[in-house]
Amino acid sequence: QVQLAESGGGLVQAGGSLRLSCAASGRTFSSYAMGWFRQAPGKEREFVVAINWSGGITYYADSAKGRFTISRDNAKNTVYLQMNSLSPEETAVYYCAGAIATSMRAREYDLWGQGTQVTVSS
């Protein structure tokens, strides 16, 4: 069973950048599509970005296009999320997740990390 662990969250000023990492245990990581989701207090979990098993296909939420970049290193069992030009409205817990197929729908993902807090101050 693959387990996921996010890191890299923290406090950043509006307009700043953060790079999140999601490290996976297990030898089947490279067969999973990976996604990043976020959940703000009182709001539903929302899709941010996803990447297929090889890294050749990516999906971005409209809010992430042009500012966020997802990448993966299968040799290191790690997926990354580079976030630029962050706004306070993006304060949330960010989760990485794994699925059999690339998807923008949370219900398609059966592996989830514990999440990492991202706080963007104004």
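For clarity, every value in this text was computed on a predicted model and none was experimentally measured.
The shortest side-chain heavy-atom distance between L86 and L18 falls under the 4.5 Å cut-off. For the pair V12/S121, no side-chain contact is recorded, criterion being any heavy-atom separation below 4.5 Å from C-beta on. Annotation: side chain of Q114 is not in contact with side chain of V93 (no heavy-atom distance under 4.5 Å). A heavy-atom distance below 4.5 Å is not found between the side chains of Y80 and I70. You'll find the side chain of V48 stays beyond 4.5 Å of the side chain of Y60, heavy atoms only. In this structure, Q13 and P88 have side chains that are not in contact, with every pair of non-hydrogen atoms separated by 4.5 Å or more.
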E90 and S85: side chain to side chain contact (heavy atoms under 4.5 Å, CB included), yes or no, with the steps? CA-CA 10 Å; E90 295 178 299; S85 302; over 6 Å; no
In sequence, state the C-alpha distance, the side-chain angles, and the governing distance for L20 and V118, and then conclude on side chain to side chain contact (heavy atoms under 4.5 Å, CB included). CA-CA 9 Å; L20 306 183; V118 172; 4.1 Å; yes
Check against side chain to side chain contact (heavy atoms under 4.5 Å, CB included), T78 and R72: CA-CA 6 Å; T78 303; R72 67 188 297 161; over 6 Å; no
Between Y59 and V49, is a side chain to side chain contact (heavy atoms under 4.5 Å, CB included) present by the stated rule, with each step listed? CA-CA 5 Å; Y59 298 150; V49 61; over 6 Å; no
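Residue pairs meeting the disulfide bond (SG atoms under 2.5 Å apart) criterion with at least one member in residues 87-122, sequence neighbours excluded: C22-C96. A ring-ring contact (aromatic ring centres under 6.0 Å, His included) check over residues 87-122, counting only residues at least two apart or in different chains, returns the pairs F37-Y109, F37-W112.
Other residues, nucleotides and ligands contribute more than 12 heavy atoms inside 6.0 Å of the CD atom of Q117. For E46, the CD atom sits in a packed shell: over 12 heavy atoms of surrounding residues, nucleotides or ligands are nearer than 6.0 Å.
Linking Ile, Leu, Val, Met, Phe, Trp and Tyr residues whenever their side-chain heavy atoms come within less than 4.5 Å places L4 and I100 in a single cluster.
The main-chain N or O of Q3 is found under 3.5 Å from a side-chain atom of S25 such that the two form a donor-acceptor pair. Within the 3.5 Å criterion, the main-chain N or O of G55 finds no donor-acceptor partner in the side chain of N74.
To the nearest 0.5 Å, atoms CE (M104) and CZ (F47) are separated by 6.0 Å. Between atom CZ of residue R38 and atom CD of residue E44 there is a gap of 14.0 Å, rounded to the nearest 0.5 Å. Taking CD of Q82 as the start and CZ of R67 as the end, the distance is 11.5 Å to the nearest 0.5 Å. From I51, atom CD1 reaches atom OG1 of T69 across 10.0 Å, with rounding to the nearest 0.5 Å. Between W36 atom CH2 and T116 atom OG1 the span is 7.5 Å, to the nearest 0.5 Å. Atom CD of E6 is separated from atom CG of L81 by 11.0 Å, given to the nearest 0.5 angstrom.
Taking each heavy atom of S103 and A50 in turn, the nearest pair found is O-CB, 3.6 Å. Residues S30 and W53 come closest through the heavy atom pair O-CB, 3.2 Å. For the residue pair Y32 and D110, the shortest heavy atom distance occurs at CE2-OD1, 4.2 Å.
Every residue meeting the side-chain hydrogen bond (donor to acceptor under 3.5 Å, both in side chains) condition with S54, not counting sequence neighbours, appears here in chain and number order: N52.
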